[in-house]
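Whatever order the structure lists ligands and atoms in, that order sets their numbers, starting from 1.
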Amino acid sequence: MFTSFLIKYAEIGVKGNNRYLFEDALVRQIRHALKHCDGTFRVSKTQGRIYVDALSEFDFDETVEHLQRVFGISGICPVTAVEDQGFEHLGGEVTAYMERVYGRQLHDGAGLSFKVVAKRARKNYPLRSGEINAELGGILLDAFPALRVDVHNPDVWLHIEVREKIYIYSMILPGPGGMPVGTGGKAMLLLSGGIDSPVAGYMIAKRGVKIDAVYFHAPPYTSDRAKQKVVDLAALVARYTGPVYLHIINFTDIQLMIYEKCPHDELTIIMRRYMMRIAEEIAKETECLGLITGESIGQVASQTMHSLAATNEVCTLPVYRPLIGMDKQEIVEIAEKIGTYETSILPYEDCCTIFVAKHPVTKPNVSVIRKHERALEGEIGALVKTALETKEMMIVEASPGYRG
Ligand code: ATP
Ligand code: MG
């Protein structure tokens, strides 16, 4: 019964030239999201509106679900489009629409108030909008005794839009909000196999930022399954962001050298500093404007204020930590909502759990850390260079057919 969707987006702050960029990016992201749905669709922008028209059979629920992952969409209105075959025909179609969508409410006696809001986008239509409102209102009141008009606060805003075809809609399903990915530059996500980093990537992408990712792999200490898990997580994040360029760095030799030459209680901090340095190298090469991590204050020893200061010190790019003030439970709830949680909790070790000290420092002193890092001088530079030269890069597409 629905043949199209009218896409609503928040227009606040989207003015002038920015508006075109915003709308074009939104259209692009919608097209991308629908590539993974059954059916063919036309996505078009006309007179400040974005429409998705189904050109074939399609699965309504699946399509809505995919649209609900496109940042920038504030609401999705399922539309019934009918051919213009005269006003009498339209009256019949609108009556049938009300019966299909609100039939149960209209017949169980509870009553329903409504208001017709016509818009004549095609000016050669013989009736003006005020006339369409009055005429259709009358037809519906005659058809359904339980209906009444309320022009101020109706239960149902029945929109009639006269275009090439005539569009009928009255429902708004919620969109994810945010800004279309691609309108806010690009950032490099440090993506581990845990719960937090995929959520962090999701949150920054929601503000319109395109996401690349880097994963530090330590074979044979971390398995291929751990790596596959990160690829799977990238594919889940890609359902919201579009394809993710995932860089995989072999971190083993660097980690072993740190293990050999630095105090064990500082291993994690020094390792994290090297991760940040390498991530920043790749970020700069790939025109990323910042780094993203899943850190949250106090979650573990390496995320105390002192530890974060020590990790942050090696970066010149801004580091975005969208989870910084969140409790684990709040992060878990988002992970569940966005569908990454189940994959994140699969029990494959990541490289940080292999080399963790029994008693890591919780209040590292930056100058002490710097001094201990000097033990690596002369050799670690070559290892970092090799790690960058041998990095693997894959373009991770959204996991297909995922429902949830
Ligand atoms: P997560 O749940 O995201 O794994 P975590 O609670 O395990 O986080 P840490 O292991 O201290 O926390 O890592 C903090 C952040 O550092 C992660 O959120 C992630 O952004 C980054 N990170 C940690 N390990 C890796 C890795 N192997 N590859 C890429 N990034 C990593
Ligand atoms: Mg982790």
- Item | Gln85 and Glu93, any side-chain heavy atoms less than 4.5 Å apart |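 SC-SC contact between Glu93 and Gln85 ruled out.
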- Message: Less than 6.0 angstrom separating the ring centers of Tyr102 and Phe144, yes or no?
- Response: no
- Task: Using the ring of Phe22 (Phe, Tyr or Trp, six-membered ring only), decide whether Arg19 places NZ or CZ under 6.0 Å from its centre and within 45 degrees of its axis.
- Result: no
- Item | Subset of ligand 1 atoms that lie under 4.0 Å from at least one heavy atom of Ile195 |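 Atoms satisfying the 4.0 Å criterion: 2 (O).
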- Query: Numbering the atoms of ligand 1 from 1, which are under 4.0 Å from a heavy atom of Val214?
  - Reply: 29 (C)
- Using a heavy-atom cut-off of under 4.0 Å, does the side chain or the backbone of Leu189 touch ligand 1, or both, or neither? neither
- Find all atoms of ligand 1 within a distance of less than 4.0 Å from any non-hydrogen atom belonging to Gly294, and give their numbers and elements.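 Listed by number with element, the hits are 17 (C), 18 (O), 20 (O).
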- Over all atoms of both residues, closest heavy-atom pair of Leu317 and Leu289: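 Taking Leu317 first and Leu289 second, the nearest heavy atoms are CD2-O, 4.0 Å.
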- Message: Let me confirm one number: the CZ-CD1 distance from Arg273 to Ile369, rounded to the nearest 0.5 Å.
- Response: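 Answer for the CZ-CD1 pair, Arg273 versus Ile369, is 6.5 Å.
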- Task: Give yes if a backbone or side-chain nitrogen or oxygen of Leu190 is under 3.5 Å from a nitrogen or oxygen of ligand 1, and no if not.
- Result: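 N/O-N/O distance under 3.5 Å: yes.
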- Message: In this structure, does ligand 1 have an atom that sits under 4.0 Å from one of the heavy atoms of Arg272?
- Response: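 A heavy atom of Arg272 does come that close to ligand 1.
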- Record the part of Ser302 in heavy-atom contact with ligand 1 below 4.0 Å; permitted values are side chain, backbone, both and neither. side chain
- Item | Gap separating the CG atom of Asp150 from the CZ atom of Phe114, nearest 0.5 angstrom |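 Here the rounded value is 10.5 Å.
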- Item | Residue portion contacting ligand 1 (non-hydrogen atoms closer than 4.0 Å) for Leu191 |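 Near ligand 1, Leu191 shows its backbone, while the atoms from C-beta on stay back.
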- Message: With respect to Phe216, determine whether any N or O atom, backbone or side chain, lies less than 3.5 Å from an N or O atom of ligand 1.
- Response: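 Yes, since at least one N or O of Phe216 sits under 3.5 Å from an N or O of ligand 1.
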- Task: Please identify which atoms of ligand 1 are closer than 4.0 Å to at least one heavy atom of Thr293.
- Result: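 That gives atoms 20 (O) of ligand 1.
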- Message: Are Tyr167 and Tyr51 an aromatic pair, judged by ring center distance below 6.0 Å?
- Response: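 Centroid separation for Tyr51 and Tyr167: below 6.0 Å.
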- Message: Given Gln303, Arg321, Gln299, identify the one with the heavy atom nearest to atom 12 (O) of ligand 1.
- Response: Gln303
- Can you tell me how far CD of Glu266 sits from OG of Ser302, rounded to the nearest 0.5 angstrom? 13.5 Å
